[in-house]
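Here's the structure we're looking at; comments come further down.
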There are 2 protein chains.
Amino acid sequence: MLWERAREPHAHRWSLPGGELRVDEDVESSIRRQLAEKVDVRQLSHVEQLAVFSAPDRVPGPRVVATAFLGLVPSDVDPEVPSDTMWHCVDELPAMAFDHASIVGRARHRLGSKLSYTNLGFALAPPEFTISLLRDHYSAALGYRVSATNLQRVLSRRLLLEPTGGTAPPGPSGGRPAALFRFSAKGIKVTDPFAVLRPPGSGRPAGGVATP
Amino acid sequence: MLWERAREPHAHRWSLPGGELRVDEDVESSIRRQLAEKVDVRQLSHVEQLAVFSAPDRVPGPRVVATAFLGLVPSDVDPEVPSDTMWHCVDELPAMAFDHASIVGRARHRLGSKLSYTNLGFALAPPEFTISLLRDHYSAALGYRVSATNLQRVLSRRLLLEPTGGTAPPGPSGGRPAALFRFSAKGIKVTDPFAVLRPPGSGRPAGGVATP
DNA sequence: CCACGTTTTCGACCAATAGGCGAAAACCCC
DNA sequence: GGGGTTTTCGCCTATTGGTCGAAAACGTGG
């Protein structure tokens, strides 16, 4: 989500939403406030620090240090945004202001990486979803095709999928109705990493380098 | 590595090395400068941003925002440090100033996580090392025992170990002399992550959720 | 100098996970 | 009801990680 700068420097170029840190808030509160106040985005399913961008000349004029965040919104919510703000496809980004293009690059890389070893994928989907929808999100974020069969099996083995019992109506071209699932938080927060190196006694025999 | 604060606030408590960001440097240059100037640590095998700590009351007095880093030094180098500075075992840390204890906690967590899906383990070891040494580093960083057999096989399969041909002399209690290895950087930087989700066409059939 | 303990190394075997494929199920439209 | 479409499920294979035990290579003490 980008908004078009009205003033110099870099007028008419697109930039990431953000703003100045107040003295009475931390950086996460700040970015949540900016998103809520300026573009009315409040239903963030995931927020995490990305990195600090601090090159002395990243912005013309006085030095500005930015703490960049990766924020995700479920694909079913479509927040009202002001007229100077627009959602863009990450594959077709316009010219961006300052170093914001590299920030987006870092965010994409981080999202792609974390999809494999965390539960972050669920932050992209609505509370109830079909495997096909989830696969489409994974494919979009990763940039290559993902098999629904495998995705379902892998996530099921990790005890992350819980069938709701309901089904989604098939599309206009027919097809078997898809089963609906929800994210099964068995004591695991959405953003927790899997135990890639299993701690002693946990139930993940394969995957990692450990020998408890 | 901590140094003991001489002045209030939090006098006599231990704190992480650091200092103020100058206007002509970015945060990584800054932390490298601080480490070089103040404690003469220059041979960092790995430096990465950890997180921004920005709670308004994290430091008494005027607001201070800190960008915390994780920095690693190979286990064979032992830099000269000033008299008020000391290396501490992470399992026996003294009372620390400000929020530095939580920073260390985050660093430990990050290191432990990244050991499994990156090559970061090599940043802990000297250029030539035995599997036992590497295992000890892994065990220390992870907090539980790691099998040398497994470690060698896993890293070998990932093409990260390259035998130097030499051997290390056995210890005072005898034993077969250990073979020496070096990190085999086949175009891969020490800190690069493994391809946990393999991009299409790469040679990593198992591990991950993808189906290219 | 030869048995003994020690440490490392290697091979064999097992368990668990991921990927591929095809068939069956359940739906639409004509 | 037949053909096309989409989802789901079950087999099979490949690769990885974990365990175990034996063999190799060393120092030491009798």
Side-chain angles (χ1 to χ4, degrees), chain A residues 115-117 129-136 138-139 142 144-161 163-181 194-212, chain B residues 115-117 129-136 138-139 142 144-161 163-181 194-212:
Chain A
L115 277 183
S116 63
Y117 64 92
F129 51 86
T130 67
I131 298 294
S132 296
L133 177 73
L134 202 60
R135 179 202 50 185
D136 290 343
Y138 270 78
S139 299
L142 291 170
Y144 55 85
R145 254 141 302 281
V146 169
S147 140
T149 297
N150 233 342
L151 187 62
Q152 174 168 18
R153 184 183 33 225
V154 169
L155 296 178
S156 295
R157 263 206 283 248
R158 290 173 182 172
L159 298 177
L160 297 176
L161 284 181
T164 69
T167 58
S173 62
R176 174 172 174 169
L180 285 172
F181 293 85
F194 302 130
V196 273
L197 275 184
R198 70 162 161 162
S202 87
R204 193 148 185 286
V209 92
T211 306
Chain B
L115 278 183
S116 62
Y117 63 92
F129 51 85
T130 66
I131 299 293
S132 298
L133 178 73
L134 202 60
R135 179 202 49 187
D136 291 342
Y138 270 80
S139 299
L142 291 170
Y144 52 89
R145 255 139 301 282
V146 169
S147 139
T149 296
N150 232 341
L151 187 61
Q152 175 167 15
R153 186 187 30 227
V154 169
L155 296 178
S156 294
R157 266 206 282 246
R158 290 173 182 170
L159 298 177
L160 296 176
L161 284 181
T164 68
T167 57
S173 62
R176 174 171 175 169
L180 285 172
F181 294 85
F194 302 129
V196 273
L197 276 183
R198 70 163 161 163
S202 88
R204 191 147 187 287
V209 92
T211 306

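Hydrogens, waters and symmetry mates are skipped; everything else that's a heavy atom, side chains included, is used. Just so you know, these numbers come straight off a predicted model, no measurement behind them. Reminder, nothing fancy here: chain letters follow the sequence lines and each chain counts from 1.
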Q: Report yes if some heavy atom in the side chain of Phe129(B) is under 4.5 Å from a heavy atom in the side chain of Leu161(B); otherwise report no.
A: yes
Q) Hey, what do you get for CG (Leu142(A)) to CZ (Arg135(A)), rounding to the nearest 0.5 Å? A) 13.0 Å
Q.
So, does Asn150(B) get its side chain near the phosphate of dG17(D), meaning an N or O under 4.0 Å from OP1 or OP2?
A. no
Q) Rounded to whole angstrom units, what separation is found between the CG atom of Leu134(A) and the C1' atom of dT8(D)? A) 16 Å
**Q.** Atom-to-atom span, CZ of Arg145(A) to P of dA18(C) - whole angstrom
**A.** 21 Å
Q: Enter the distance from Asp136(A):CG to Thr130(A):OG1 here, rounded to the nearest 0.5 Å.
A: 7.5 Å
Q.
Assess the residue pair Thr167(B) and Leu180(B) against the criterion (side chain to side chain contact (heavy atoms under 4.5 Å, CB included)); give the C-alpha distance rounded to whole Å, side-chain angles, the decisive distance to 0.1 Å, and a yes or no.
A. CA-CA 5 Å; Thr167(B) 57; Leu180(B) 285 172; 5.7 Å; no
Q) In whole Å, what is the span from the CG atom of Leu142(B) to the C1' atom of dG17(D)? A) 15 Å
Q.
Distance check needed: dG19(C) C1' versus Tyr144(A) OH, whole Å only.
A. 13 Å
Q | Under 4.0 Å protein heavy-atom contact, by nucleotide of nucleotides 5-12 of chain C - B base, S sugar-phosphate only | A | BBBBSBBB
Q: Measure the spacing between CG of Leu155(A) and OH of Tyr138(A) and express it to the nearest 0.5 Å.
A: 5.0 Å
Q) Hey, does the side-chain of Arg157(A) have a donor or acceptor N/O within less than 3.5 Å of a partner on the base of dA16(C)? A) no
